[in-house]
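To start, the structure itself, in structure tokens.
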Amino acid sequence: MNSNFRKVKLGEVADINPVRKLPKNTVAPYVPMDIIVPFNRKINSFTFRPWKGSGQKFKNGDILLARITPCLENGKAIYVDFLSNNQIGFGSTEFIVIREKEGITNGLFLYYLIRTSEFRNYAIGRMEGTSGRQRVPASAVKNYEFYLPPLNYQEKCAGFLSLFDDKIELNQRMNQTLEEMARTIFKSWFVDFDPVRARAEGRDPGLPAEIADLFPDSFEDSPLGEIPRGWRVVPILEIAALLSGGTPKTSVPEYWDGNVYWVTAKDVSQKRSLYIIDTDKKITELGLENSSAKILPKNTVIVTARGTVGAYALLGKEMAMNQTNYGLVSQRENEEYFLFFMVVSILDELKRNAYGTIFDTITTRTFQNVKVLMPPTKLTRCFNDLVSPFFEKMLNNENENASLIELRDKLLPGLMNGSVHLRGD
């Protein structure tokens, strides 16, 4: 341990749940727990709500740490930097707020401190309460002991680690933009029928001639209402194969901790981006052979059937999955991205038609009852070719982020305790 580091308790060098004043009924930024992505430094959005007197208040520079299970175990914590000057926000009562002490600690350094496995294991081990509703008390956070480096080292360390997160967040924003671009084209072509309306009204659709000519210039009636002439209304399972998963016996150790990626509803609902490129658990080839799980191809559309019903993702590589999900694969080649947006467009209908007296569940029957609009193959493949570079770039960005996260997390503990040196130390 570096001799300049001194042993302290977190509550001695940081303010835990500092007092913030916010007049009642003031409309202020609100951060619910469910929008926080595990192990992400920032949030992508927030809402506004009137302050009613309940919840944790915070301002820029504060750290929000989830204190309740399973959010704490899952790594939900953010650094607040999205408010205006002197603006106060509030969030769930299940947050603990941590604030730097000026001249003693750096807020970003403290954020990375609570991201270490040492802190997380300490906090998880001190959770109190009944099963399923356990929380770490603020007093335990205050009593966490660690070796604090000088302030200039904290700032340098936080700045270095931030380079990783800045690049990760840039890639995430790029992916959101690319996905939205592809979604906008899909909506224009296959939901709002903009090119068809333009041709029907004698206007230029604003598309290259070879694409514009793929659209009809009139409409006709259908069970789904007015649709472009010549397009068909078909069951979703006419254009997509519905695939199910399975779980190897948990009592057989030889079935687990292998190299076969195995997707659960948790992996889908807590994904960082559109693509899933890693899973919380993996199974062996033997486990795959001795269960109803099967290998699904890259770009399979995954929809959760239980738990968080209707969450969705694309597989970034070949994977298996358990029975809490369904997979959908196009029956025809070169339509995987068209199918993806088609499935996303019917999610609300799937959730409305879910079954169950206690927990909603999407079943095979749910899919069998859904009908969708099917344009001509030439047009769906044209769309697929157009947006394919967007999806390829999104997957490349997600793979790059995975490498950055792995390297950052390997460096994190050594930087925190001084065993890894930065240039100029």
| Is it true that the side chains of Asn401 and Gln172 contain a donor and an acceptor less than 3.5 Å apart? | no

| query | Just wondering, are more than 12 heavy atoms of other shown residues or ligands nearer than 6.0 Å to NZ in Lys249? | reply | no

| field | Spacing of OG belonging to Ser117 relative to CG belonging to Asp409, to within rounding of 0.5 Å | value | 9.5 Å

| task | Examine distances only and state if a side-chain atom of Asp15 and a backbone atom of Pro18 form a donor-acceptor pair shorter than 3.5 Å. | result | no

| field | Rounded distance (nearest 0.5 Å) linking atom CD of Gln176 with atom CG of Asn171 | value | 11.0 Å

| task | Answer yes if the side chains of Glu392 and Ser388 hold a donor-acceptor pair under 3.5 Å, and no otherwise. | result | yes

| Would Val37 and Lys271 satisfy side-chain contact (heavy atoms from CB on, under 4.5 Å), going step by step from the backbone distance to the final call? | CA-CA 8 Å; Val37 178; Lys271 68 185 188 303; over 6 Å; no

| field | Within-4.5 Å side-chain heavy-atom neighbours: Asp62 and Ile98 | value | no

| task | Determine the minimum heavy-atom distance between Ala158 and Tyr112, stating which atoms define it. | result | O-CE1, 3.9 Å

| field | Student check: side-chain heavy atoms of Tyr144 and Ile114 closer than 4.5 Å | value | no

| Should the ring pair Phe338 and Phe190 be called parallel, tilted or perpendicular, given that the plane angle runs from 0 to 90° and is split at 30 and 60? | perpendicular

| field | Asp217 with Arg229: basic N within carboxylate O range, under 4.0 Å | value | no

| request: Check whether the side chains of Asn17 and Gln56 place a donor and an acceptor atom closer than 3.5 Å, and report yes or no. | output: yes

| Once the angle between the rings of Phe90 and Tyr30 is folded into 0 to 90°, is it parallel (under 30°), tilted (30 to 60°) or perpendicular (over 60°)? | tilted

| request: Would you please test Leu373 and Phe193 for side-chain contact (heavy atoms from CB on, under 4.5 Å) and show each step? | output: CA-CA 12 Å; Leu373 183 60; Phe193 314 131; 3.6 Å; yes

| Which atoms form the tightest heavy-atom contact between Leu108 and Ser162, and what is the distance? | CD1-OG, 3.5 Å

| query | Backbone N or O of Ser139 within a donor-acceptor pair of the Asn143 side chain at under 3.5 Å? | reply | yes

| task | In plain terms, say whether Arg41 and Asp166 are close enough for a salt bridge, that is, a side-chain N and a carboxylate O under 4.0 Å apart. | result | yes

| query | Do the side-chain N and O atoms of Asn40 and Tyr79 include a donor-acceptor pair separated by under 3.5 angstrom? | reply | no

| said: Taking the basic N atoms (NZ, or NE/NH1/NH2) and the acidic carboxylate oxygens, is any pair closer than 4.0 Å for Glu179 and Arg183? | reply: yes

| task | Verify the neighbour count for atom CG of Asp257: are there more than 12 heavy atoms of other residues, nucleotides or ligands below 6.0 Å? | result | no

| About how many Å separate CD1 of Ile68 and OG of Ser92, when rounded to the nearest 0.5 Å? | 7.5 Å

| request: Step by step, work out the side-chain contact (heavy atoms from CB on, under 4.5 Å) result for Ile277 and Asn399. | output: CA-CA 7 Å; Ile277 61 170; Asn399 283 321; 3.6 Å; yes

| On the ring face of Phe164, is Arg408 found with NZ or CZ under 6.0 Å from the centre and within 45° of the axis? | no

| task | Determine whether Ile405 and Ile168 make a side-chain contact, defined as any pair of heavy atoms from C-beta on separated by less than 4.5 Å. | result | yes

| said: Any carboxylate oxygen within less than 4.0 angstrom of a Lys/Arg side-chain nitrogen, looking at Glu318 and Lys298? | reply: no

| task | Please examine the side chains of Asn299 and Leu315, heavy atoms only from C-beta on, and report whether any two atoms are closer than 4.5 Å. | result | no

| task | Name all pairs fulfilling the salt bridge (Lys or Arg N to Asp or Glu O under 4.0 Å) condition that reach into residues 67-81, sequence neighbours left out, sorted by first residue then second. | result | Lys42-Asp81, Arg67-Glu94

| Pairs involving residues 259-309, ordered by first then second residue, that meet ring pair (Phe, Tyr, Trp, His ring centres under 6.0 Å) (sequence neighbours left out) | Trp256-Trp262

| request: Assess the side chains of Thr247 and Gln323: does a donor N or O sit below 3.5 Å from an acceptor N or O? | output: yes

| Between Ser330 (side chain) and Glu333 (backbone), is there a donor-acceptor pair under 3.5 Å? | no

| field | Any Val343 side-chain heavy atom under 4.5 Å of Tyr312 side chain | value | no

| request: Please examine the side chains of Val97 and Leu64, heavy atoms only from C-beta on, and report whether any two atoms are closer than 4.5 Å. | output: yes

| remark: On a heavy-atom basis, the closest approach of Val303 and Gly310 is CG1-CA, 4.2 Å

| message | Do Trp189 and Phe215 make a side-chain contact, defined as non-hydrogen atoms from C-beta onward lying under 4.5 Å apart? | response | yes

| Any donor-acceptor N/O pair, Thr304 side chain to Arg306 backbone, under 3.5 Å | no

| query | Are the side chains of Val27 and Arg49 in touch, meaning some heavy atoms are under 4.5 Å apart? | reply | no

| note | Between the CG atom in Asn322 and the NZ atom in Lys266, the distance rounded to the nearest 0.5 Å is 12.0 Å

| task | From the options Met416, Arg115, Lys156, select the one residue that forms a side-chain contact (heavy atoms from CB on, under 4.5 Å) with Leu161. | result | Met416

| How about Lys317: does its NZ atom have over 12 heavy atoms from other parts shown lying under 6.0 Å from it? | yes

| Over all atoms of both residues, closest heavy-atom pair of Tyr326 and Ile362 | CE1-O, 3.2 Å

| field | Backbone N/O of Arg133 and side chain of Arg135: donor-acceptor pair under 3.5 Å | value | yes

| request: Report yes or no: does Asn325 contribute a side-chain atom to a donor-acceptor pair with the main-chain N or O of Val263 at less than 3.5 Å? | output: yes

| Thr324 side chain to Ala265 backbone, donor-acceptor under 3.5 Å | yes

| request: Could you tell me whether the side chain of Asn417 and the main chain of Pro413 form a donor-acceptor pair under 3.5 Å? | output: yes

| query | Can you find a side-chain donor-acceptor pair between Gln134 and Thr69 that sits under 3.5 Å? | reply | no

| Heavy-atom closest contact (Tyr111 atom, Ile63 atom, distance) | N-CD1, 3.4 Å

| task | Using modelled atom types only, decide if a donor and an acceptor are shared between the side chain of Glu398 and the backbone of Ser273 within a distance under 3.5 Å. | result | no

| said: Assess the residue pair Glu400 and Lys167 against the criterion (side-chain contact (heavy atoms from CB on, under 4.5 Å)); give the C-alpha distance rounded to whole Å, side-chain angles, the decisive distance to 0.1 Å, and a yes or no. | reply: CA-CA 9 Å; Glu400 181 182 31; Lys167 177 57 176 172; 3.6 Å; yes

| Donor-acceptor contact below 3.5 Å, side chain Arg203 vs main chain Arg199 | no

| request: Start with the C-alpha gap between Asp267 and Thr264, add the side-chain angles, then the distance that decides, and say whether side chain to side chain donor-acceptor pair (under 3.5 Å) holds. | output: CA-CA 5 Å; Asp267 293 311; Thr264 66; 3.2 Å; yes

| request: Would you kindly say whether Lys52 and Asn25 are connected by a side-chain donor-acceptor distance under 3.5 Å? | output: yes

| query | Side chains of Thr377 and Arg332: do they bring a donor and an acceptor to under 3.5 Å? | reply | yes

| task | State the CD1-CD1 distance between Ile36 and Ile78, to the nearest 0.5 angstrom. | result | 4.5 Å

| task | With rounding to the nearest 0.5 Å, note down the distance linking CD in Glu155 to OG1 in Thr105. | result | 10.0 Å

| query | Taking all non-hydrogen atoms of both residues, which atom of Ser218 and which atom of Val196 are closest, and how far apart? | reply | O-CG1, 3.8 Å

